[in-house]
2 protein chains.
Amino acid sequence: MNEGVEWAVHSCLNLAWLGERAVPAARLAAFYELPAAYLNKQLQALARADILTSVSGPRGGFRLARPPEKVTLMDVVVAIDGDEPAFRCTEIRQRGGSGGGDADAYRKPCAIDAAMRKAELAWRRELAGQTVADVMTTVEHTNPGVPDKVRRWFDDTR
Amino acid sequence: MNEGVEWAVHSCLNLAWLGERAVPAARLAAFYELPAAYLNKQLQALARADILTSVSGPRGGFRLARPPEKVTLMDVVVAIDGDEPAFRCTEIRQRGGSGGGDADAYRKPCAIDAAMRKAELAWRRELAGQTVADVMTTVEHTNPGVPDKVRRWFDDTR
DNA sequence: GTTTCTCTACTCGGATAATGCATGTCCGAGTTTTTGAGG
DNA sequence: CCTCAAAAACTCGGACATGCATTATCCGAGTAGAGAAAC
């Protein structure tokens with residue numbers, strides 16, 4: 001999976017803690033010492049997926065497009081990694097020695113593809129059940145000082 | 001995900017239908033018109049994982065190391081793609097502005113990593129619950145002629 | 001006819017190139033703020 | 001002091017290089033089997 005997914009989710013959490021104001025990509029990148037231009041690329045993808053809204057010019061940046069309860073981890077993963085399944089069936093059963101005879105026997109879906117899709121659906125369901133707000137709650141429970149720490153850092157280096 | 005996974009599972013099904021005898025990689029590749037040397041590489045990985053046993057020399061090839069009820073799709077995927085998780089947490093929360101203060105605050109696992117791991121565990125559980133024998137049964141139900149067709153093709157082009 | 005030895009042909013196995021995608025970087029379009037002059 | 005305009009600085013946005021993993025390939029080590037010769 002794309003490494004940018006990790007950066008994107010972390011950035012979403014930070015943006016949620018910072019509230020309404022827009023934060024530039026360079027600032028978000030500096031917080032984790034990440035390559036700024038590349039993180040910008042990922043945030044652009046989140047904006048295209050309507051997870052963030054982007055504001056140009058001075059005092060611009062990115063902000064959450066909707067409350068964190070409405071942003072699932074599935075949304076973020078799809079925005080960064082794309083919605084294509086990890087296992088892509090290329091229908092090799094139709095090629096070579098087995099492919100000649102029954103043309104309509106392949107109307108039924110490939111059983112291997114079905115099994116893989118079933119597993120991937122379970123993965124997607126699990127990701128769709130976890131929102132950014134849920135992750136925020138977990139962090140606030142295990143590390144209560146983090147939200148204030150984030151706010152203070154982004155205020156001090158304004 | 002690695003495309004070789006698809007080839008590997010199909011080959012496992014065919015080997016199961018063909019019974020005990022060893023089948024060369026070149027023959028299995030010809031059945032789907034796949035690059036022979038590359039499929040050989042994948043089958044080697046399956047052999048290293050004790051899913052197949054390899055036999056050298058004339059009348060050699062690959063055969064299933066154990067009955068198909070004992071081979072899960074998870075085994076095959078791990079053998080080809082490796083057992084590393086799709087989402088790899090690089091602990092960026094410890095870098096940059098947030099990393100300075102509490103060294104032991106990071107004893108607790110990263111919440112994002114936990115959420116991703118939970119989804120991936122569901123995926124793995126689903127794959128581990130499906131065996132090669134299950135997929136065979138599905139195919140025999142939707143396409144009853146396939147097993148005989150496979151056996152005939154591999155016998156004719158001996 | 002049986003046994004044994006040699007030779008051949010076939011298969012896996014790992015080492016070796018080529019390609020595609022993820023990673024990383026850069027500069028231009030657009031917009032807001034600022035700032036300065038003029039009224 | 002207020003208004004207005006122009007310029008400047010800052011931000012996103014997409015186009016442009018680079019590195020590495022997947023894809024693909026090849027040749028050598030080893031082995032089973034066929035075949036011929038000797039008994």
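Naming convention: chains lettered A, B, ... in sequence-line order (proteins, then strands); numbering from 1 in each chain. The model shown is predicted, which means the values in this text are computed figures rather than measured ones.
- Using a 4.0 Å cut-off, no side-chain N or O of B:S56 falls inside it from OP1 or OP2 of D:dA29.
- Remark on DNA chain C: of its neighbouring residues A:W7 and B:Q44, the 5'-side contact belongs to B:Q44, judged by nearest-heavy-atom nucleotide.
- Per the geometry, CD belonging to B:Q42 stands 14 Å off P belonging to C:dG13, to the nearest Å.
- In this structure, A:L15 is not a member of the same hydrophobic cluster as A:V55, with clusters built from ILVMFWY side-chain heavy atoms closer than 4.5 Å.
- The closest side-chain donor-acceptor pair between B:T72 and B:D75 falls under 3.5 angstrom.
- Side-chain contact, B:E6 with A:T90: a donor N or O sits under 3.5 Å from an acceptor N or O.
- Here A:R48 reaches the OP1 or OP2 of D:dG14: one of its side-chain N or O atoms lies under 4.0 Å away.
- Atoms CG (A:L39) and P (D:dG13) sit 13 Å apart, rounded to a whole Å.
- Whole-Å rounding puts the A:E84 CD to C:dC21 P distance at 10 Å.
- Atom CZ of A:R27 and atom C1' of D:dT11 are 12 Å apart (whole Å).
- Side chain of B:A47, nearest nucleotide from D:dT23, C:dA22, C:dG13: C:dG13.
- The side chain of A:Y38 lies closest to C:dA22 when the candidates are D:dA24, C:dA22, D:dC10.
- Nucleotide C:dT33 holds its P atom 8 Å from the CZ atom of A:R59, rounded to whole Å.
- Counting to the nearest Å, the P atom of D:dT23 and the CD1 atom of A:I92 are 13 Å from each other.
- Between the CZ atom of A:R21 and the P atom of C:dT32 there is a distance of 19 Å, given to the nearest Å.
- In this structure, B:A25 reaches the sugar-phosphate backbone alone: every heavy-atom distance under 4.0 Å involves primed, P, OP1 or OP2 atoms, never a base.
- Of the listed nucleotides (D:dG13, D:dA32, D:dT11), D:dT11 has the atom at the smallest distance from the side chain of A:P24.
- Nearest to the side chain of B:N40, among C:dC26, C:dG13, D:dG33, sits C:dG13.
- For D:dT11, the OP1/OP2 oxygens have no side-chain nitrogen or oxygen of A:S54 closer than 4.0 Å.
- Spacing between atom CD1 of B:I80 and atom P of D:dT22 amounts to 12 Å, rounded to whole angstrom units.
- Other residues, nucleotides and ligands place no more than 12 heavy atoms under 6.0 Å from the CZ atom of A:R88.
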side-chain contact (heavy atoms from CB on, under 4.5 Å) for A:F154 and A:F31? Distances and angles first, verdict last.
CA-CA 8 Å; A:F154 278 88; A:F31 187 68; 3.8 Å; yes
